[in-house]
Protein chains: 2
Amino acid sequence: MKHYWHIILYGSLLAVLVFLLKWLQWKFLVTDNAVEIYVGLAALLFTALGGWLASRLISRRVQTVVIEKEVVRTVAADGIDDEARRKCQFSAREYEVLELLVKGYSNAEIAEQLFLSLSTIKTHVSNILFKMDVKSRARAIEKAKRLKITR
Amino acid sequence: MKHYWHIILYGSLLAVLVFLLKWLQWKFLVTDNAVEIYVGLAALLFTALGGWLASRLISRRVQTVVIEKEVVRTVAADGIDDEARRKCQFSAREYEVLELLVKGYSNAEIAEQLFLSLSTIKTHVSNILFKMDVKSRARAIEKAKRLKITR
DNA sequence: CCCAAATTCATACTTTGGTATGAAAGGAAT
DNA sequence: ATTCCTTTCATACCAAAGTATGAATTTGGG
């Protein structure tokens, strides 16, 4: 709606390029295989143009999804600690451990399910608690459920 | 990495179109202004191609954003399942302890808040875990939240 | 009043949780 | 190639959780 300038810009570029091509044709038509050159050139140019155009138009879709991001902000307004969220950038493994931890599994059970040693789970859990800024798995469970960190 | 076919397909299409344009040129070059026609045609074709290509390549980003959508939906109204709680037969005090336990508080913190000794809390917690048929406070928290026993 | 249940507290003990530290191996980015 | 991050594991140590048992006090109902 408010992006008419896209079409205008595209039309203008089209016109300019057509004139450019006309000029190229007038200058190089004396040689035969010059045609392929500027056709290929035009193809590349317009492919790039189409790609740029599509990327601009698709970026609008991303912005539409960003509206759903604002719903996240709404949750943040309801009590999500943005600073905590940034600190909570879990690694892939840590998130796996967290999912089981939140289900109430003990370290030994998590180790068994992920085929890892108890030491490894202890390390992961310790790092998770640090990243979540809590001092016990009980608080981690409560916080994770409250902030909807896991499903 | 595993999308080499994109480039291959693009190259093939480019070749085909160049040959097509060559044929158009051979057929319509007798007339002068036919040049603008197939140049415009080529422009449109390659613009569309570029757009399609870009849309295919960019479609991934949109999916990445959608993941954050799942974090959003949270505002579900949560009520207490009285029946689930009655099945556990908690005493008044036990329920008080349970409410704090589910919030992730440690035994010491619960004792402090209820003005009771640590021993008393341990007794209550132990009885709560027995009544809930779980073996750790972590599982108790998970179960209580899943069955909506507390607020 | 008496009984049963609830509440409180303690002591001792075992298990689990959590921290600190170090180290080794593999992957990815510069 | 080197550096950084992740993942893995180990050992040691301290704190917290959980169990078992016993006991004193309170409370509500028959």
Side-chain angles (χ1 to χ4, degrees), chain A residues 84-147 149-150, chain B residues 1-4 60-61 64 67 82 85-147 149-150:
Chain A
R85 295 198 86 207
R86 251 181 283 118
K87 282 182 181 177
C88 285
Q89 286 179 352
F90 301 114
S91 70
R93 253 318 196 208
E94 283 168 355
Y95 193 74
E96 279 184 286
V97 173
L98 177 63
E99 281 183 321
L100 295 175
L101 190 153
V102 170
K103 287 180 181 172
Y105 292 114
S106 67
N107 289 339
E109 290 169 326
I110 297 173
E112 198 180 355
Q113 289 197 32
L114 296 182
F115 303 102
L116 295 176
S117 76
L118 181 61
S119 300
T120 305
I121 301 302
K122 279 187 173 185
T123 304
H124 285 315
V125 168
S126 196
N127 292 330
I128 288 169
L129 298 186
F130 176 75
K131 288 183 177 180
M132 290 183 74
D133 191 31
V134 293
K135 288 173 184 172
S136 70
R137 70 203 293 107
R139 273 225 149 80
I141 294 170
E142 191 277 332
K143 192 167 185 176
K145 285 185 177 288
R146 179 162 44 83
L147 302 186
I149 290 178
T150 62
Chain B
M1 310 309 172
K2 42 183 177 176
H3 293 285
Y4 279 125
R60 292 290 157 78
R61 297 179 191 170
T64 307
I67 294 176
D82 285 331
R85 196 187 62 214
R86 248 180 281 119
K87 280 180 181 174
C88 293
Q89 301 262 35
F90 297 121
S91 68
R93 253 319 197 208
E94 282 168 356
Y95 191 72
E96 280 184 287
V97 173
L98 178 62
E99 280 183 320
L100 296 174
L101 188 153
V102 169
K103 287 179 182 173
Y105 291 115
S106 68
N107 289 339
E109 290 168 326
I110 297 172
E112 198 180 356
Q113 289 197 33
L114 296 181
F115 304 103
L116 295 176
S117 76
L118 181 61
S119 301
T120 305
I121 302 302
K122 280 188 173 186
T123 304
H124 284 316
V125 169
S126 197
N127 292 330
I128 289 170
L129 300 186
F130 176 74
K131 287 183 178 179
M132 290 182 74
D133 191 30
V134 292
K135 289 172 183 172
S136 71
R137 71 203 293 107
R139 272 230 153 80
I141 294 170
E142 191 275 331
K143 191 167 185 176
K145 283 185 177 289
R146 181 161 43 82
L147 300 184
I149 290 177
T150 63

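A salt bridge is absent between B:K135 and A:E109: the closest approach of a Lys/Arg side-chain nitrogen to an acidic carboxylate oxygen does not fall below 4.0 angstrom. Between A:R93 and A:E96 there is a salt bridge, since a side-chain N of the basic residue sits under 4.0 Å from a carboxylate O of the acidic one.
Residue B:S91 is the one, among B:S91 and A:N107, whose nearest nucleotide of DNA chain C lies closer to the 5' end (criterion: closest heavy atom). Taking for each of A:S126 and B:K131 the nucleotide of DNA chain C with the nearest heavy atom, the 5'-most of the two is the partner of B:K131. The residue among A:L118 and A:N127 whose nearest nucleotide of DNA chain D is located toward the 5' end is A:N127.
Here A:E112 pairs with nothing under the salt bridge (Lys or Arg N to Asp or Glu O under 4.0 Å) rule; sequence neighbours left out.
Note that the first and last nucleotides of DNA chain C, 5' to 3', having any atom under 4.0 angstrom from a heavy atom of chain A are C:dG17 to C:dT19.
The only option from A:R146, A:K145, A:R139 that meets the side chain to side chain donor-acceptor pair (under 3.5 Å) definition with A:E142 turns out to be A:R146.
The closest donor-acceptor contact from the side chain of B:K131 to the backbone of B:Q89 lies under 3.5 Å.
One atom, CG of B:L116, and another, P of D:dT25, lie 17 Å apart when rounded to the nearest Å. Rounding to whole angstrom units, CZ of residue A:F90 and P of D:dT7 are separated by 12 Å.
Between B:N107 and B:R137, some side-chain heavy-atom pair lies under the 4.5 Å cut-off.
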